[in-house]
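Take a look at the structure set out below.
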Amino acid sequence: MTRPDLSRLLDASEATWPPARMIDLPGWRLRDGAGGGQRVSAATATTGSPDIAAMIAAQAGLGQAPLVMIRPGEDRLDSRLAAEGFRIKDPVTLYLGPVETLAVAPPPVSAFQVAWPPMRIQEELWLEGGIGPGRLAVMARAEGSKCAILGRSKDQPAGTAFVACDRDIALLHALEVTPRLRRGGAAVNMMHGAAIWAKSQGASWLAVLVTRENVPANALYSALGMSPVGGYHYRVK
């Protein structure tokens, strides 16, 4: 089983966490995030030397901050943006693991697959973690197979996550555990539940994106045996 490369994984990430629309300009692809966060609002370069001023103006036209995703191999653009006063924001690591290994049955009544749309309690758990209507709209836009994972701990709703497939890759997004029930295994159980669902959809790989500063999440994915396979960072004006 050949591991997908970073380019394929980033394509799958966008397919499962899509912007409201994409706008192609000379040298740039812009994303209209419609309030769904920076991943769906970032511009990416389509040529080696795109016009930075044109990108700034186009982002302003969308009512968005000048934000660029810098992927591996874009060192020259990274330096140009730094010289223009763009600062680094939120370096991200992408973790990947084989579904077959991760699809371990969690304890009884600890993780449930909820057919889309999510339950009200899941929306409330997401909102508690800062994931509001704009990001829920991103989830709703995702095409193809998807579901919401509900985690329980101590006989209470403890957490939620969104998982969607793009061919043989499942991406898990928006994993949240309520603070009062953290460190009780809910996140691990939801990851296993997501992998079981992904396996049922024919996916071979489960991936997740996490900021480097999120120490607990990085530790979680490493403990599950998932491997870091690359990443990116943003530059914001």
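Only this structure's heavy atoms are used, side chains among them; waters, hydrogens and symmetry mates stay out.
Classification of D168 and R8 as a salt-bridged pair holds, one side-chain N sitting under 4.0 Å from a carboxylate O. Ionic pairing of R120 and E124 is present here: one or more N-O contacts between side-chain nitrogen and carboxylate oxygen are shorter than 4.0 angstrom.
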- Task: Give the C-alpha distance, both sets of side-chain angles, the deciding distance and a yes or no for side chain to side chain contact (heavy atoms under 4.5 Å, CB included) between S227 and Y221.
- Result: CA-CA 8 Å; S227 301; Y221 304 131; over 6 Å; no
- How far apart are the C-alpha atoms of C147 and F162, what are their side-chain angles, what is the distance that settles it, and do they pass the side chain to side chain contact (heavy atoms under 4.5 Å, CB included) test? CA-CA 6 Å; C147 82; F162 172 72; over 6 Å; no
- Query: Run the side chain to side chain contact (heavy atoms under 4.5 Å, CB included) check on I70 and Y232 step by step: do they pass?
  - Reply: CA-CA 6 Å; I70 301 294; Y232 58 85; 5.9 Å; no
- Task: Just do the side chain to side chain contact (heavy atoms under 4.5 Å, CB included) check on L150 and M119 with the steps written out, would you?
- Result: CA-CA 9 Å; L150 174 66; M119 299 166 62; 4.1 Å; yes
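Within a 6.0 Å radius of CZ in R182, more than 12 heavy atoms belonging to other residues, nucleotides or ligands are found.
Remark: the backbone N or O of P18 is paired with a side-chain donor or acceptor of R141 at under 3.5 angstrom. Put simply, the side chain of N218 gets close to the backbone of N214: a donor and an acceptor are under 3.5 Å apart. Looking at D166, its side chain never comes within 3.5 Å of a backbone N or O of I169 through a donor-acceptor pair. Side chain of W126 to main chain of G159: no donor-acceptor pair is present (N/O by atom type, distance under 3.5 Å, no hydrogens or angles). Side chain of K154 to backbone of G184: no donor-acceptor contact under 3.5 angstrom is found. R71 contributes a side-chain N or O that, together with a main-chain N or O of A45, makes up a donor-acceptor pair within less than 3.5 Å. Side-chain N or O atoms of Q122 include one that pairs as donor or acceptor with a backbone N or O of I149 at under 3.5 Å. Side-chain atoms of T46 come within 3.5 Å of backbone atoms of G27 as a donor-acceptor pair (strictly under, hydrogens ignored).
Between V229 and L9, the closest side-chain pair of non-hydrogen atoms falls below 4.5 Å. Side chains of L220 and V188 form a contact here, defined as non-hydrogen atoms less than 4.5 Å apart.
Here Y95 contributes atom OH and L206 contributes atom CG; the two are 13.5 Å apart, rounded to the nearest 0.5 Å. Taking OG1 of T211 as the start and NE2 of H233 as the end, the distance is 14.5 Å to the nearest 0.5 Å. Expressed to the nearest 0.5 Å, how far OG of S145 lies from CZ of R167 amounts to 12.5 Å. Remark: L172 CG to W17 CH2 distance equals 10.0 Å, nearest 0.5 Å. For the atom pair L209 CG and D90 CG, the distance stands at 12.0 Å (nearest 0.5 Å). In this structure, T44 OG1 and M22 CE are separated by 9.0 Å, a value rounded to the nearest 0.5 Å.
Residues A111 and N189 approach most closely at CB-O, 3.4 Å, considering heavy atoms. Summarising the geometry of P72 relative to L6, their closest heavy-atom pair is CG-CD2, 3.4 Å, with the distance given to 0.1 Å. Counting all heavy atoms, side chain and backbone alike, L102 lies closest to H192 at O-ND1, 2.8 Å. Nearest heavy atom pair, residue L175 against residue A161, reads CD1-CB, 3.7 Å. Here the closest non-hydrogen pair linking L181 and S153 is CD1-O, 3.9 Å. Nearest heavy atom pair, residue S13 against residue R39, reads OG-NH1, 3.3 Å.
A side-chain N or O of R76 and one of S49 form a donor-acceptor pair less than 3.5 Å apart. Side-chain polar atoms of Q38 and K89 form a donor-acceptor pair below 3.5 angstrom.
Not counting sequence neighbours, R152 has no partner by the side-chain hydrogen bond (donor to acceptor under 3.5 Å, both in side chains) test. Residues forming a side-chain contact (heavy atoms from CB on, under 4.5 Å) with I56 (at least two apart in sequence, or on another chain): I52, P66, F86. Residues satisfying the side-chain hydrogen bond (donor to acceptor under 3.5 Å, both in side chains) test with T16, not counting sequence neighbours, are H173.
Residue pairs meeting the salt bridge (charged side-chain N to carboxylate O under 4.0 Å, His left out) criterion with at least one partner in residues 207-236, sequence neighbours excluded, are D78-R235. Evaluation of the side-chain hydrogen bond (donor to acceptor under 3.5 Å, both in side chains) test over residues 100-118, restricted to residues two or more places apart or in two chains, returns E100-K199. A salt bridge (charged side-chain N to carboxylate O under 4.0 Å, His left out) check over residues 22-33, counting only residues at least two apart or in different chains, returns the pairs E14-R31, R21-D32, D24-R29.
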